[in-house]
Amino acid sequence: AINDTAYLATNDGLVMIDENAIIPKNILLNIDYLTIDNKQLLSTQKIELFDHQHLIIHFTGIELSAPEKITYQYKISPNLNEWTTTSQRSIDINNFAPGKYEVFIRAFTVNNTWSNIQTIIFTIQPKWWQTIAFKIIAGLLFILLNILIFKWLKKYIRIKAEKKSALKHRMVLSELEALRSQMNPHFIFNSMNVMQDLIMQNQPLEATQFVSKFSKLIRNTLQLSKRNWIYLNEEIEFLEQ
């Protein structure tokens with residue numbers, strides 16, 4: 001370096017730099033590289049994150065007159081719409097909800113010289129239970145489950161009602177069968193007395209006829225008591241007997 005000029009020997013020859021000519025009027029901001037879980041990305045065109053991955057954006061502000069006094073600002077849309085000021089040259093992004101985001105980064109110096117704004121777009125993919133397809137399937141399964149439960153309850157109530165009705169029906173039939181299978185003891189006792197009286201009075205024909213009618217009545221009683229349904233004329237005939 002001689003006076004205000006620096007001389008550099010390069011593979012392409014001698015380079016001379018004048019100090020007075022390198023003070024820029026504007027500050028530049030470059031995106032150096034991006035990493036996901038400490039692995040550097042080869043491209044920044046389509047950035048996708050999955051399940052708790054860390055995205056780190058590395059950048060550098062270029063201002064040759066006072067590089068140590070560069071400050072940076074960033075905001076992440078739509079979560080952070082206010083500019084956040086930092087002296088760090090990286091942004092660590094993690095624990096964001098699934099969705100699409102835009103990161104805006106700029107730099108400025110003490111004399112309020114602002115850089116260009118760099119934009120990084122990235123997408124955080126939802127977990128498998130957060131996807132639309134899973135929500136649709138879960139909704140359909142929930143509806144199907146409710147339909148099955150409703151049908152099961154309906155069937156259960158119907159079967160229970162049928163069992164109750166059948167039990168009641170069996171009880172009624174049992175009562176009818178008990179009523180039909182028994183004859184009034186007083187009536188039977190009186191009938192036996194009549195037969196005895198006819199025999200004692202030496203009326204064999206009347207006694208035979210009476211026994212025939214009484215035996216027919218007992219037979220009809222036993223036969224009808226075994227059936228759940230009888231014809232009306234059978235019931236009338238039975239009562240007449």
I'd like to know whether L140 forms a side chain to side chain contact (heavy atoms under 4.5 Å, CB included) with L144, so could you lay out the CA-CA distance, the side-chain angles of the two residues, the decisive distance to 0.1 Å, and finally the verdict.
CA-CA 6 Å; L140 293 176; L144 180 60; over 6 Å; no
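- Relative ring orientation between F122 and F96 is described as perpendicular, the plane-to-plane angle rising above 60° on a 0-90° scale split at 30° and 60°.
- For CG of N3, the number of neighbouring non-hydrogen atoms (other residues, nucleotides, ligands) closer than 6.0 Å is 12 at most.
- More than 12 non-hydrogen atoms from other residues, nucleotides or ligands lie less than 6.0 angstrom from CZ of F50.
- Looking at I62 and I27, their side chains never come closer than 4.5 Å, going by heavy atoms from C-beta outward.
- In this structure, the side chain of D37 does not engage the main chain of Q53 through any donor-acceptor pair within 3.5 Å.
- Between Q73 and F108, the closest side-chain pair of non-hydrogen atoms falls below 4.5 Å.
- When all heavy atoms of W83 and F104 are compared, the pair lying nearest together is CZ3-O, 3.5 Å.
- Here the side chain of E102 pairs no donor or acceptor atom with the backbone of P78 at under 3.5 angstrom.
- In this structure the side chain of I57 reaches within 4.5 angstrom of the side chain of I93, judged on heavy atoms.
- Side-chain atoms of T113 do not come within 3.5 Å of backbone N or O of T109 as any donor-acceptor pair.
- The CD1 atom of I236 lies 10.5 Å from the CD atom of E234; values are rounded to the nearest 0.5 Å.
- When the side chains of ILVMFWY residues are joined at heavy-atom separations under 4.5 Å, either directly or via intervening members, F142 and F150 end up in two distinct hydrophobic clusters.
- Under the 3.5 Å distance criterion, with hydrogens and angles disregarded, a donor-acceptor pair is assigned to the side chains of D197 and Q201.
- How far OG1 of T84 is from CD1 of I105: 11.5 Å, rounded to the nearest 0.5 Å.
- Ring-centre distance between F59 and Y72: below the 6.0 Å cut-off.
- For the pair I36 and H54, the minimum side-chain heavy-atom distance is 4.5 Å or more.
- Heavy atoms only, all atoms of each residue included: S90 and I56 are closest at CB-CG2, 4.0 Å.
- Put simply, Y74 and L41 are part of the same group of oily side chains (I, L, V, M, F, W, Y) that touch within less than 4.5 Å, one to the next.
- The backbone N or O of A107 lies less than 3.5 Å from a partner atom in the side chain of S115, making a donor-acceptor pair.
- By the 4.5 Å heavy-atom criterion applied to side chains, T85 and T71 are counted as neighbours.
- Counting all heavy atoms, side chain and backbone alike, L29 lies closest to N116 at N-OD1, 3.1 Å.
- Using a 4.5 Å cut-off on side-chain heavy atoms (C-beta onward), L49 and T123 make no contact.
- In the hydrophobic cluster analysis, where Ile, Leu, Val, Met, Phe, Trp and Tyr join through side-chain heavy atoms closer than 4.5 angstrom, I218 is grouped together with M192.
- Closest of all the heavy-atom pairs between T10 and G13 is OG1-O, 2.7 Å.
- A distance of 9.0 Å separates CG in D92 from CG in N95, rounded to the nearest 0.5 Å.
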Could you check K164 against K168 for side chain to side chain contact (heavy atoms under 4.5 Å, CB included), going step by step and ending with a plain yes or no?
CA-CA 6 Å; K164 186 176 180 181; K168 186 177 180 180; 5.8 Å; no
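- The closest donor-acceptor contact from the side chain of N94 to the backbone of L55 lies at 3.5 Å or more, if one exists at all.
- Grouping the Ile, Leu, Val, Met, Phe, Trp and Tyr side chains by contacts below 4.5 angstrom, directly or via other members, places I2 apart from L8.
- No single ILVMFWY cluster, assembled from side-chain heavy atoms under 4.5 Å apart, contains both L205 and M200.
- Legend: residues meeting salt bridge (charged side-chain N to carboxylate O under 4.0 Å, His left out) with R219, ordered by chain and number and at least two apart, are absent.
- Around the CG atom of N38, the shell of radius 6.0 Å holds no more than 12 heavy atoms that belong to other residues, nucleotides or ligands.
- Nearest heavy atoms, F210 versus S191: CE2-O, 3.4 Å.
- With rounding to the nearest 0.5 Å, the separation of CG in L217 from CD in E237 is 10.5 Å.
- Note: Q40 CD to D32 CG = 9.5 Å, rounded to the nearest 0.5 Å.
- For V103 against I76, the heavy-atom pair with the smallest separation is CG2-CG1, 4.2 Å.
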Dump the intermediate steps for side chain to side chain contact (heavy atoms under 4.5 Å, CB included) on I47 and I120, then the final yes or no.
CA-CA 9 Å; I47 305 173; I120 300 294; 3.7 Å; yes
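- In this structure, the separation between CD1 on I121 and OH on Y101 is 14.0 Å, given to the nearest 0.5 Å.
- Looking only at atom types and distance, the side chain of N30 has no donor-acceptor partner in the side chain of T60 under 3.5 Å away.
- The backbone N or O of H186 sits less than 3.5 Å from a side-chain atom of N190, completing a donor-acceptor pair.
- Side-chain contact between K216 and Q241 is present, with at least one heavy-atom pair separated by less than 4.5 Å.
- For the pair F214/V194, no side-chain contact is recorded, criterion being any heavy-atom separation below 4.5 Å from C-beta on.
- Formation of a donor-acceptor pair under 3.5 Å by the S215 side chain with backbone atoms of V211 is found in this model.
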